[in-house]
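So the structure is just underneath, and the comments pick up after that.
Note on naming: letters A, B, ... go to the chains in the order of the sequence lines (proteins, then strands), and numbering restarts at 1 for each one.
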Amino acid sequence: MADLRTHTCGELRREHAGATVRLSGWVHRKRDHGSLLFLDLRDHYGITQCVLDSSSPLFKVAEPLRLESVITVAGKVVPRAPAAVNPKLPTGEIELSVAELIVQSPADPLPLQVNTDAEFPEETRLRYRFLDLRREKLHRNILLRSRIITSMRRRMIEAGFVEFQTPILTSSSPEGARDYLVPSRVHPGKFYALPQAPQQFKQLLMTAGFDRYFQIAPCFRDEDGRADRSPGEFYQLDFEMAFVTQEDVFAAIEPVLQGVFEEFRDGAAVTPAPFPRIAFDEAMRKYGTDKPDLRNPIVIADVTDVFRGSSFSAFATAVAAGAVVRAVPAPGASAQPRSFFDKLGQWARDQGAPGLGYVVRGEGGAKGPLAKFLDGDRLGRLVAATGARDGDAVFFVCDKKPAVEKLAGRVRVRLGEELGLIEANAFRFCWVTDFPMYELNEDTGKIEFSHNPFSMPQGGLEALEHADPLTIKAYQYDIVCNGVELSSGAIRNHRPDIMYKAFALAGYGREEVQARFGGMLNAFKFGAPPHGGSAPGIDRIVMLLAGETNIREVIAFPMNQQAQDLLMGAPGPVPPERLKELHLKLDLPSEDSGKDPRR
RNA sequence: GGGCUCGUGGUGCAGCCUGGUUAGCACACUGGACUGUCAAUCCAGAGGUCGCGGGUUCAAGUCCCGUCGAGCCCGCCA
């Protein structure tokens with residue numbers, strides 16, 4: 001018989017009764033009756049009840065075993081009496097009568113309990129990640145992640161994509177997030193950078209004629225974490241296609257994403273392909289964000305004209321000065337108590353707004369603080385713009401356009417949640433298209449790229465030379481699901497002449513562009529195919545499919561918000577010899593330095 | 001860098017608003033009882049600088065100030 005196991009802990013059934021088997025695993029739980037001991041043995045595959053009584057010489061070995069000790073047991077598979085069957089376990093019809101027991105690895109008392117889903121402090125969970133990963137939820141999430149990645153890979157290969165690897169040690173990219181830098185030993189004072197994305201490499205592979213690239217790509221960005229953004233590193237399903245338009249890219253990736261979500265949706269509805277397309281400007285107007293959650297039925301309306309010249313002077317004067325007014329309908333809100341409106345108003349003030357005006361449409365006409373300022377005509381136009389019905393409330397936000405969109409978007413989200421309007425059990429996808437190529441930096445007054453500088457501007461060279469830069473759109477698109485930005489992509493700018501011009505508008509001289517992107521630019525001078533792609537974020541996709549709201553729940557070994565790995569103690573100090581070898585001298589801040597994540 | 005919330009035995013929480021008895025409950029841990037449990041049960045025990053520092057007070061887990069840590073958010077994320 002095999003030394004360690006003949007079967008797994010999830011394998012044995014009634015038909016195995018009578019067989020002599022050997023199992024290995026962790027002591028999941030013990031039920032000690034004094035002269036009779038039940039011991040649940042757990043491995044990756046399941047749990048099997050093992051039993052022994054005081055007639056066994058092994059009883060005194062088994063009884064003091066602490067939870068999570070690793071043991072090997074052997075003995076006969078015994079069918080359980082009907083009353084003793086556990087229908088909750090796949091192995092619940094049998095148990096193992098222990099005749100041999102070897103303690104492979106005794107466990108100390110646990111800092112976090114494995115056999116419960118009780119909550120533990122995140123710091124403890126990260127420090128003892130190997131224990132947390134044994135627990136059911138995290139174990140399941142990580143397996144789900146693996147299956148999702150396998151499914152993505154299969155679907156991409158079936159769609160004719162070819163998997164590549166690209167360098168991890170590469171050059172620093174001047175746009176975007178901060179890079180992680182790696183000092184060169186051989187070249188004093190010079191640094192590699194970890195790639196923020198394999199952007200230029202995949203474009204070079206297109207230029208090299210490979211036609212359809214993909215990679216399960218690690219991306220490294222030195223940016224602060226969020227609940228849905230792991231600091232340091234994350235994974236993308238990075239892909240790129242040659243000789244394609246935007247529609248070709250959409251048609252290629254939609255079935256992959258839709259297929260993956262259908263496969264792992266667990267009963268939830270999934271938007272059928274083709275996904276709705278929403279232009280950036282429209283998304284900002286109707287949803288107040290460039291990543292709208294379409295499970296929320298509320299649509300924001302522009303009602304600037306309703307308040308223009310109205311007797312509500314706060315809005316009227318602001319509108320005259322160029323502000324806009326947006327209306328956020330709140331279906332059925334008239335049934336809410338007064339405190340509902342007061343709380344929302346207080347919340348809006350916490351967000352920095354002066355307040356949150358509203359009207360309620362009822363049978364006897366309009367009520368609410370702003371109702372008296374709106375005559376029948378204005379009220380009629382308001383109802384027409386918002387579609388508000390009897391029993392609905394409408395909230396108003398008035399400010400300059402960017403601020404109003406941001407706040408209206410938040411009000412929309414909050415109302416959707418408070419009024420229970422969010423569609424349950426659904427993955428609602430959309431494309432957000434036609435992002436602006438440039439935006440104005442309010443602080444510097446300068447024009448900057450609003451997204452990827454390698455995107456092709458709509459209208460090409462012609463637009464760059466003659467149009468107002470702030471009106472130029474890019475062939476730049478995002479995939480959004482349930483309000484989460486899953487993917488960002490673009491049709492790339494493969495024309496050096498257009499690229500020089502595009503960068504010139506953002507204040508980059510020809511030499512600077514040449515110095516920074518020379519590798520890719522030169523390649524484009526030797527015959528580059530029109531190409532484009534995107535890069536769905538794998539961690540976020542798994543997070544959505546796992547029903548998690550925190551991305552660390554789907555990453556095996558995540559860092560905390562301070563970008564520390566509490567298990568491995570990274571980042572950590574290095575001996576002076578290593579610094580010398582790398583030609584580095586430290587210039588540490590006077591206090592607060594040298595924080596050790598292990599304390 | 002900023003804002004908000006939290007910090008009480010190994011762990012999850014209560015106590016704080018309204019200062020005053022021995023800081024309470026559950027899980028884990030230790031010991032004991034128990035031959036059919038499956039979140040076993042029952043009994044007992046050990047385990048606490050109430051994050052840290054300062055202040056107010058006759059008296060601080062509780063009130064005030066500062067500080068450290070964690071989470072969430074803003075900034076940032078081409």
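At whole-Å resolution of the value, CG in A:L566 and P in B:rG69 are 13 Å apart. Between A:E63 atom CD and B:rC34 atom C1' the separation is 11 Å, expressed in whole Å. To the nearest angstrom, P of B:rU35 lies 14 Å from CG of A:L52. A straight line from CD of A:E223 to C1' of B:rG1 spans 13 Å, rounded to a whole angstrom. Following rounding to the nearest Å, A:R80 (CZ) and B:rC38 (P) show an atom-to-atom distance of 11 Å. Look at CD on A:Q561: it is 13 Å from C1' on B:rC76, rounded to the nearest Å. What separates CG of A:D117 from C1' of B:rA26 is a distance of 15 Å, to the nearest Å. When the P atom of B:rG36 is taken as reference, atom CG of A:N86 falls 17 Å away, rounded to whole Å.
Within the nucleic acid shown, A:R125 has no heavy atom closer than 4.0 Å to any nucleic acid atom. Counting any heavy atom pair closer than 4.0 Å across all strands shown, A:A227 reaches sugar-phosphate atoms only and no base atom. Across all strands shown, A:Q562 has heavy atoms under 4.0 Å from sugar-phosphate atoms exclusively, and none from any base. Using a 4.0 Å heavy-atom cutoff across all strands shown, A:E122 reaches sugar-phosphate atoms only and no base atom. Residue contacts shown for A:E95 include a base, since a base heavy atom lies under 4.0 Å away. Counting non-hydrogen atoms under 4.0 angstrom, A:V78 reaches nothing in the nucleic acid.
For A:R29 and B:rC27, the shortest distance from a side-chain N or O to OP1 or OP2 is not below 4.0 Å. The side chain of A:R66 contributes an N or O atom lying less than 4.0 Å from OP1 or OP2 of B:rU30. Within the structure, every side-chain polar atom (N or O) of A:R221 is placed at least 4.0 Å from both OP1 and OP2 of B:rC76.
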For salt bridge (Lys or Arg N to Asp or Glu O under 4.0 Å), just list the numbers for A:E553 and A:R125, CA-CA rounded to whole Å, side-chain angles, deciding distance to a tenth of an Å, and then say yes or no. CA-CA 11 Å; A:E553 301 300 317; A:R125 296 180 55 204; 2.9 Å; yes
Please determine whether salt bridge (Lys or Arg N to Asp or Glu O under 4.0 Å) holds for the pair A:D399 and A:K406, giving the CA-CA distance in whole Å, both sets of side-chain angles, and the decisive distance to 0.1 Å. CA-CA 10 Å; A:D399 206 331; A:K406 199 170 179 179; over 6 Å; no
Salt bridge (Lys or Arg N to Asp or Glu O under 4.0 Å), that's the test. Do A:R326 and A:E405 meet it? Break it down for me. CA-CA 8 Å; A:R326 294 285 158 83; A:E405 286 177 336; 3.3 Å; yes
What's the verdict on salt bridge (Lys or Arg N to Asp or Glu O under 4.0 Å) for A:E93 and A:R14, showing C-alpha distance, side-chain angles and the deciding distance? CA-CA 6 Å; A:E93 290 201 83; A:R14 183 163 282 277; 3.0 Å; yes
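Stacking here means ring centres nearer than 5.5 Å and ring planes tilted less than 30 degrees, and by that measure A:H33 does not stack onto B:rG36.
Nearest to the side-chain atoms of A:N560 among the listed nucleotides B:rA70, B:rC76, B:rC72 stands B:rA70. Among B:rC29, B:rU35, B:rG1, the nucleotide with an atom closest to any side-chain atom of A:S54 is B:rU35. The A:F38 side chain lies nearest to B:rU37 when the options are B:rC77, B:rU37, B:rC29.
Checked options A:H28, A:Q113, A:R42; the residue passing with A:E68 is A:R42 (criterion: side-chain hydrogen bond (donor to acceptor under 3.5 Å, both in side chains)).
The distance from atom OG1 of A:T549 to atom CG of A:L544, rounded to the nearest 0.5 Å, is 10.5 Å.
Remark: the separation of the C1' atoms in B:rC42 and B:rU5 is 41 Å, to the nearest Å. Atom name P, nucleotides B:rU21 and B:rC16: the rounded distance is 12 Å, in whole Å. Annotation: B:rG20 and B:rU41 have their P atoms spaced 35 Å apart (nearest Å). One C1' atom belongs to B:rC43, the other to B:rG54, and the distance between them is 46 Å to the nearest Å. Taking atom P in both B:rC13 and B:rG7, one finds a spacing of 9 Å when rounded to whole Å. Comparing the C1' positions of B:rU67 and B:rA44 gives a spacing of 43 Å, expressed to the nearest Å.
In terms of position on RNA chain B, the residue among A:R31 and A:T116 whose nearest nucleotide sits closer to the 5' end is A:T116.
Scored by the ring pair (Phe, Tyr, Trp, His ring centres under 6.0 Å) test, A:F280 finds A:F435 as partners (sequence neighbours excluded).
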Quick tally for nucleotides 4-17 of chain B: nucleotides whose base has a protein heavy atom under 4.0 Å get B, sugar-phosphate-only ones S, the rest -, giving ------SSS-----
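A distance-only check finds no donor-acceptor pair linking the side chain of A:D179 to the backbone of A:L181 [under 3.5 Å].
The aromatic rings of A:Y508 and A:F503 lie perpendicular to each other, with more than 60° between the two planes, well past the 30° mark.
Pairing for B:rA23 is absent, judged as Watson-Crick or G-U wobble with the two contacts each under 3.5 Å. With a cut-off of 3.5 Å on both pairing distances, the Watson-Crick or G-U wobble partner of B:rG66 is B:rC52. Summarising the base pairing, B:rC16 is matched to no nucleotide, lacking a Watson-Crick or G-U wobble pair whose two defining distances lie under 3.5 Å. For B:rA44, the paired nucleotide is B:rU30, the pair qualifying as Watson-Crick or G-U wobble because both relevant distances are below 3.5 Å.
You won't find any donor-acceptor pair under 3.5 Å spanning the side chain of A:R226 and the base of B:rG71, going by distance alone. A:D224 contributes a side-chain N or O that forms a donor-acceptor pair with the base of B:rG75 under 3.5 Å.
Cation-pi geometry between A:R492 and A:F454 is not met at under 6.0 angstrom from the ring centre and within 45 degrees of the axis.
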